[in-house]
2 protein chains.
Amino acid sequence: MAMQRIPGVRLNEFNVPRLFLYHRALVEVSKAGVSVVTSESLAELCANDVTPTQIRKDLSQLGTLGRRGRGYEVAGLLEMLARLLGLDQDWRIAILGFGYLGHALATFLSYREERFRIAALFDLAPDVVGQTWNDLTVRHIDDLEATLREQGGVDIAVLAVPSRAAQEVAGRVAAAGVDAILNFAPVALRVPEQVFARNIDLAGELSILTHYLTGSE
Amino acid sequence: MAMQRIPGVRLNEFNVPRLFLYHRALVEVSKAGVSVVTSESLAELCANDVTPTQIRKDLSQLGTLGRRGRGYEVAGLLEMLARLLGLDQDWRIAILGFGYLGHALATFLSYREERFRIAALFDLAPDVVGQTWNDLTVRHIDDLEATLREQGGVDIAVLAVPSRAAQEVAGRVAAAGVDAILNFAPVALRVPEQVFARNIDLAGELSILTHYLTGSE
DNA sequence: AAATGTGAAGAGGTTCACAGCG
DNA sequence: CGCTGTGAACCTCTTCACATTT
């Protein structure tokens with residue numbers, strides 16, 4: 001599954017998260033009125049999770065964005081990164097499972113500056129279905145296909161359902177034409193070829209920490 | 001920051017998540033009564049996110065765990081991985097920020113089979129502080145240090161606070177002796193040398209998806 | 001002088017191919 | 001014969017060093 005946008009430029013799974021890091025840092029300093037950054041100052045802004053060299057390598061890959069002896073123009077770089085990451089456009093998101101997690105995600109996303117739009121909410125608990133949230137009514141997950149059709153579809157499905165339901169729901173959203181899934185359920189999802197799925201695995205992340213804590217005794 | 005346990009074995013950030021994947025798959029088949037797996041069947045169980053060769057490489061690194069011509073004993077492998085990942089012991093967890101997200105995390109962890117124990121909850125909203133959840137009282141975040149001291153400390157701090165508060169809270173839990181942090185706030189945390197911090201970045205994950213969706217137009 | 005851009009070197013994870021055992 | 005275990009080849013990302021440009 002290719003991940004690229006600018007002809008001839010190939011971005012990968014290492015690259016994109018870093019570019020997002022740069023974007024976030026630039027948004028920050030941009031607000032503070034900074035108009036130029038160097039690879040060194042940008043690295044500093046990223047809490048040194050990355051080296052100046054790495055930043056220059058990442059950015060030079062995207063074209064000639066900086067000026068030697070000076071640095072990078074914040075505004076131009078921001079716009080470039082936003083376009084590359086797809087953050088310059090609206091994205092319609094469906095949240096499946098509207099328990100505490102689904103609720104947290106909906107709230108979090110609606111407050112952010114990125115153009116993530118919550119377009120549909122689904123659950124199956126009788127006391128949750130029919131609730132409204134920000135003018136949106138929570139639909140029954142049985143009506144998934146009909147609701148998506150009726151509302152013009154969504155770009156991304158966020159799975160906040162119990163593990164046992166995740167695979168089935170993933171299959172259904174994929175069949176309904178959603179090509180991107182962000183899955184919070186701790187299961188290994190099987191999705192069709194064209195679907196791009198990412199997992200956020202809380203227990204997995206914690207086990208990285210516990211491994212570390214164990215090893216450094 | 002070294003990440004190892006067995007003398008002479010060095011695990012890294014690529015390795016550990018995979019080992020956790022294997023562990024999860026093995027728990028699954030173990031329940032189904034399977035007692036032996038091959039590297040091929042295990043790869044299949046991991047939804048082919050990994051190759052048989054990769055599995056053999058990962059496991060052989062930990063010692064001679066399999067039997068040629070046969071495969072790997074599920075029980076033994078499970079025990080080995082659990083010990084290595086630190087999943088064979090209790091871990092005390094504090095959740096900071098008890099909004100929807102904090103609540104979701106607490107609930108999620110308390111239902112899991114891993115030995116993650118929610119040991120303390122903190123917030124600062126007047127209507128949240130003082131609530132009880134599973135016999136635990138939500139404490140005011142001002143009382144962080146005192147509460148942790150009084151309760152014997154925690155191993156892991158989970159940050160579910162707003163971005164603007166994250167850095168300060170991280171500094172305080174680190175100062176209180178917590179060496180592992182799982183941060184949900186979208187900021188680049190600066191933590192002391194000995195603290196191991198992982199970020200779960202929802203917006204970052206989404207932007208990987210939006211980049212993909214953008215590029216494959 | 002200052003900071004980018006980049007070919008080359010380096011490091012490290014992954015895949016291959018097959019030897020080694022049961 | 002079947003499947004693990006592994007050295008070597010491979011490949012990709014990272015780092016280095018410095019030429020290049022303003």
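Bear in mind the structure is a predicted one, so any value in this text is a computation, not a measurement. Below, read A as the first sequence line, B as the second, and so on, with proteins coming before strands; counting in each chain starts at 1.
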Worksheet item: Out of D:dC13, C:dG5, C:dT15, which nucleotide sits closest to the side chain of A:Tyr72?
Response: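 The listed nucleotide nearest to A:Tyr72's side chain is C:dG5.
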
Any [X] side-chain N or O less than 4.0 Å from OP1/OP2 of [N]:
{"X": "B:Gln54", "N": "C:dG13", "result": "no"}
{"X": "A:Thr38", "N": "C:dA3", "result": "no"}
{"X": "B:Ser39", "N": "D:dT4", "result": "yes"}
{"X": "B:Asn12", "N": "C:dG12", "result": "no"}
{"X": "B:Thr51", "N": "C:dT14", "result": "no"}

Integer-rounded Å distance: [N] [atom2] and [X] [atom1]:
{"X": "A:Arg70", "N": "C:dG5", "atom1": "CZ", "atom2": "P", "result": "13 Å"}
{"X": "B:Leu42", "N": "D:dC3", "atom1": "CG", "atom2": "C1'", "result": "14 Å"}
{"X": "B:Asp58", "N": "D:dC3", "atom1": "CG", "atom2": "P", "result": "20 Å"}
{"X": "B:Gln61", "N": "C:dG13", "atom1": "CD", "atom2": "C1'", "result": "11 Å"}
{"X": "A:Leu62", "N": "C:dT6", "atom1": "CG", "atom2": "P", "result": "11 Å"}
{"X": "A:Arg67", "N": "C:dT4", "atom1": "CZ", "atom2": "P", "result": "12 Å"}
{"X": "B:Glu13", "N": "C:dA11", "atom1": "CD", "atom2": "P", "result": "18 Å"}
{"X": "A:Leu11", "N": "D:dT12", "atom1": "CG", "atom2": "C1'", "result": "15 Å"}

Worksheet item: B:Phe196 vs A:Tyr212 aromatic rings, parallel, tilted or perpendicular, using cut-offs 30° and 60°?
Response: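 Taking A:Tyr212 first and then B:Phe196, their aromatic rings sit tilted (interplane angle of 30° to 60°).
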
Worksheet item: Taking N and O atoms by type only, does the side chain of A:Arg56 place a donor or acceptor under 3.5 Å from a partner on the base of C:dG5?
Response: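 Check passes, donor-acceptor contact within cut-off.
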
Practice prompt. Could you tell me whether the side chain of A:Thr214 reaches within less than 4.5 Å of the side chain of B:Leu84, counting heavy atoms only?
Written response: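 Not touching, per the 4.5 Å side-chain cut-off.
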
Practice prompt. Using a 4.5 Å cut-off on heavy atoms from C-beta on, say whether the side chain of A:Val187 contacts that of A:Gln167.
Written response: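 Contact flag for A:Gln167/A:Val187 side chains = no.
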
Worksheet item: Given that A:Lys57 and B:Arg68 both sit by DNA chain C, which one's nearest nucleotide is further toward the 5' end?
Response: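 First, find each residue's nearest nucleotide; the 5'-ward one identifies A:Lys57.
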
Item to complete: Give B:Leu59 one of three labels, base, sugar-phosphate or nothing, depending on what nucleic acid heavy atoms sit under 4.0 Å from its own.
Response: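 No contact at all - B:Leu59 keeps every heavy atom at 4.0 Å or more from the nucleic acid.
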
Item to complete: Check every strand shown and say whether A:Thr53 touches a base, only sugar-phosphate, or nothing at a heavy-atom separation below 4.0 Å.
Response: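 Result for A:Thr53 = base.
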
Exercise answer: donor-acceptor pairs, residues 50-57 of chain A side-chain atoms, under 3.5 Å, sequence neighbours excluded:
from, atom 1, to, atom 2, distance (Å)
A:Thr51, OG1, A:Gln54, N, 3.1
A:Arg56, NH1, A:Ser39, OG, 3.2

Fill in: Exam field: side chain A:Ser110 to backbone A:Ala106, donor-acceptor pair closer than 3.5 Å
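Yes, because the side chain of A:Ser110 sits within donor-acceptor range (under 3.5 Å) of the backbone of A:Ala106.
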
